[in-house]
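Keep in mind the model is a prediction, meaning the values are calculated, not measured.
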Amino acid sequence: MLKFSRGIGQDRAATAGGLQQIALARGAAAAAQPSRLPTLVATAATVAVLYFARDVFLPLAIAILLTFALAPLVSRLRRVGCPRSVAVIGTVTTAFLFLSAFGVVIAMQVSEVAQNLPTYQYNIVEKVRTLKETGSESQILERIGRVIERISTEISRPEPEMRASPEPAPEAKPLLVEIFSPQRPVETLKNIINPLLGPLATTGLVIVVVIFMLFEREELRDRFIRLVGYGDLHRTTEALQDAGARVGRYLLMQLVVNITYGIPLAIGLSLLGIPNAVLWGMLAIVLRFVPYIGPVIAAALPLFLAFAAAPGWSLLVWTAALFIVLELLSNNVVEPWLYGSRTGLSPLAIIVAAIFWAWLWGPVGLVLSTPLTVCLVVLGRHVPQFEFLEILLGNEPVLDPKERLYQRLLAGDPDEATDNAEDMLEEKYLVEFYDTVAIPALLLAERDRARGALTNAQAAQIAQSANTLIANLEEIAGEEEGEEETGAEAQESDGDDDADEYDLPPGDGKSVLCVGGRSDLDDVTASMLAQTLWIQGADAAHAGHEVLKAGNIKALKLEGRNAVVLSVLDRDFMRHAKFTVRRLKRMAPAARVGIVLWQEDGRPGTTERDQLIESLQADFMVFGMGDAVREALSDELPRSLKLAHPKIAPGYAMRRSKRADRESTVKAD
């Protein structure tokens, strides 16, 4: 249920603290943005170096990621009293023995599959023939084949030509002869070893680098801090910890997820009778490290084998069903349970990163794409020069909720604004949404209007879209009203963080009129305040700023109103607010008349606010939604209006009295 209202009727003393300030005061002027050209040039140069020197950097990248993955295990062994050398060498040896055994099993299984492929040829041919016969019955494939054959015959038919002499005899072709010379044992051994030298050398280099990185981890960290961020130890340390935690957690959790997927897959394929089921389970564990593409490849190979291994179609259907069930369980049960936090990458960034790293370093780069991109996002988060990396690759919103709402209102898209509001109302109450998102968005519009960046037509468009948003939320609030009783217990069980700030009093029996100050945007804020009061149970109405004009204000119906609230975004309205407040207090002496000067930051202090209230002779003056609702529903009595008697001219009062007497005499006659 959406959080439209906070539980009411609780102790008023718990809310005496009022609203907290939403944001710190901003600086008077922003610093000039440095040029991004050097950063782009450095990025391009780095990509070029990584591409042309991939034989050097690829083993180093693998070693760094393995260090991230093994460092928590080494640290845990160190905490239980294990010596550093034993912890490091034991962890690395165990990890690489496991990887070696994994690779040997995969190699043996692949060799067995290659030997058995000829035995599947008959089943494949029979199924293709079955498909062809099925198509022949419907005469579709047969007709298409005839048309293609006829066209091919017409194209390949030679043109007739006149020959003056008999056709010469075809020239005899030479016979190919293959010369075989037995190789010496040394050459045979060389041909076997040469292809293995590269992978073995890379594996040995990775093992040595991992061992030294684990031994010198603290020393390498200090050197990196001294080289990169000696002037800001806090930020550099935070970046290193963030990168290590994100990459290590991703590798560990992804490994656990893949194992919980691969083992049931191998068992299921074995029960179905798929040959080499262990191979397909192990390949699934490895290939699922590749985002999006890996699971497809891991499923395609067993499906093809199910197609080829059995003469019927039932094995293929059951194999496909097994993959669908495992994918649903893994994506909807295992991953949400194991992943306490995500990698911080957007889905599009994962795809683009996979393409980039595959182009840069081939299949190995495809497997390493996600953890390497996580490191880039962490770099962009903590290093200002690379902030664009976090903006492009990260999954965090790049706009504040108020800026996003302002952009949607400016674009004239209230439907998407409503969708975003509904998402936020899953976590916030309506009063909190208006106070921290909607009103600040309108403040942004008011600032743009004041500095001339927003035209009158655009301001009217924003006001119209905002009114549509309010109407949509009111409709949703009416639908949710029937569920309020069922959700009361859930509201009471919520945390008390928002209780002090947005726990509002009931409005039963109260009648409040909210009036916009001087613009269409002010009218929108008055409508938001009236809707919040209505949700609290008050008889709330709102009116536009046009009613405050001298010729229209007398038409206001103020009988029975407990409060009249002026809703203002522009500080300049305070120059004219004094006269408006006096008129309203004369028209409704029993109502409390107050002003809401909406401010996100830079709010006046208590002394300045009291001085404004005294000069305006208002009953209250507040700066946020929560305080506005409390004051509008308050039981306090209105203050009496102090009428001033300025000396406009000598004898003015006497002449005014005599004129009144003459007018009364004329009327009597």
Side-chain angles (χ1 to χ4, degrees), residues 406 409-410 412 414 434 438-439 441-452 454-474 511-534 538-589 591-599 616-623 625 628-629 631-632 641:
Y406 176 38
L409 296 178
L410 187 61
Y434 279 156
I439 298 296
L442 295 176
L443 282 171
L444 292 176
E446 175 61 28
R447 290 167 190 164
D448 287 346
R449 186 200 63 79
R451 64 187 180 90
L454 195 68
T455 63
N456 294 332
Q458 289 175 323
Q461 175 66 48
I462 292 173
Q464 181 180 357
S465 300
N467 285 324
T468 304
L469 169 65
I470 295 171
N472 293 340
L473 293 180
E474 184 172 351
S511 179
V512 183
L513 176 64
C514 304
V515 186
R518 60 184 303 179
S519 68
D520 293 338
L521 298 178
D522 292 341
D523 297 345
V524 175
T525 59
S527 180
M528 291 179 178
L529 178 57
Q531 188 182 70
T532 306
L533 292 168
W534 169 73
D539 177 18
H542 63 91
H545 66 284
E546 296 290 339
V547 301
L548 296 180
K549 293 183 178 180
N552 301 331
I553 194 170
K554 294 181 179 180
L556 276 176
K557 297 180 180 180
L558 302 179
E559 295 81 4
R561 298 292 183 185
N562 299 100
V564 180
V565 184
L566 297 176
S567 183
V568 184
L569 291 168
D570 189 4
R571 288 177 178 265
D572 293 338
F573 178 77
M574 295 295 103
R575 302 175 183 176
H576 313 284
K578 181 177 181 180
F579 305 102
T580 304
V581 170
R582 286 183 178 180
R583 292 191 187 100
L584 294 174
K585 290 186 74 69
R586 290 194 191 98
M587 296 174 60
R592 301 180 76 239
V593 180
I595 300 176
V596 185
L597 179 60
W598 303 105
Q599 295 293 317
L616 299 174
Q617 297 196 37
D619 294 297
F620 59 88
M621 183 175 183
V622 292
F623 309 97
M625 183 66 75
V629 174
E631 291 291 347
L641 183 62

Over all heavy atoms of both residues, which pair between Pro414 and Ser465 is shortest? Give the atoms and the distance, please.
CB-O, 3.6 Å

Residue list, side chain to side chain contact (heavy atoms under 4.5 Å, CB included) with Ala466, at least two apart or on another chain
Leu409, Val524

From Leu556 atom CG to Arg561 atom CZ, the distance as rounded to the nearest 0.5 Å:
9.5 Å

Quick one: pull up NZ in Lys585 and CZ in Arg592 and give me the separation to the nearest 0.5 Å.
8.5 Å

Side chain to side chain contact (heavy atoms under 4.5 Å, CB included) filter on Ala438, not counting sequence neighbours, yields Leu405, Phe433, Tyr434, Met528

Heavy-atom pair of closest approach, residues Gly594 and Ala618
CA-CB, 4.5 Å

Side-chain contact, heavy-atom cut-off 4.5 Å: Met587 with Ile553?
yes

Quick one: pull up CD1 in Ile470 and OG in Ser527 and give me the separation to the nearest 0.5 Å.
4.0 Å

Tell me, which pairs form a salt bridge (Lys or Arg N to Asp or Glu O under 4.0 Å) where one or both residues lie in residues 541-553, sequence neighbours left out?
Glu546-Lys549

I want to check something: taking the side chain as every heavy atom from C-beta on, are Leu616 and Ile595 in contact at a cut-off of under 4.5 Å?
yes

Shortest non-hydrogen contact from Ala530 to Ala540?
O-CB, 3.3 Å

Rounded to the nearest 0.5 Å, what separation is found between the CG atom of Asn456 and the CZ atom of Arg449?
8.0 Å

Between CG on residue Leu584 and CZ on residue Phe579, distance to nearest 0.5 Å:
13.5 Å

I'd like to know if the side chain of Asn562 and the backbone of Ser511 have a donor-acceptor N/O pair within less than 3.5 Å.
yes

Measure across Val565 and Ala632 and return the closest heavy-atom pair with its distance rounded to 0.1 Å.
CG2-CB, 4.0 Å

Donor-acceptor contact present, side-chain Asp522 to main-chain Leu569, <3.5 Å
yes

Could you tell me if the side chain of Asp523 sits less than 4.5 Å from the side chain of Asp520, heavy atoms only?
yes

So, for Ala591 and Ala563, which heavy atoms are closest and what is the spacing to 0.1 Å?
CB-N, 4.1 Å

Side chain to side chain, Ile462 and Leu442, heavy atoms closer than 4.5 Å:
yes

Taking the side chain from Thr468 and the backbone from Gln464, do they hold a donor-acceptor pair closer than 3.5 Å?
yes

Measure the shortest side-chain to side-chain distance between Met621 and Leu597 over non-hydrogen atoms and say whether it is less than 4.5 angstrom.
yes

Are the side chains of Ser519 and Asp570 in contact, using a 4.5 Å heavy-atom criterion?
no

Is it the case that the side chain of Glu446 and the backbone of Leu521 share a donor-acceptor pair, with hydrogens and angles ignored and the cut-off at 3.5 Å?
no

Evaluation steps, side-chain contact (heavy atoms from CB on, under 4.5 Å), between Gln461 and Leu410:
CA-CA 7 Å; Gln461 175 66 48; Leu410 187 61; over 6 Å; no

Heavy-atom pair with the smallest gap, counting every atom of Val568 and Gly517
CG2-CA, 4.1 Å

From Leu548 atom CG to Arg518 atom CZ, the distance as rounded to the nearest 0.5 Å
11.5 Å

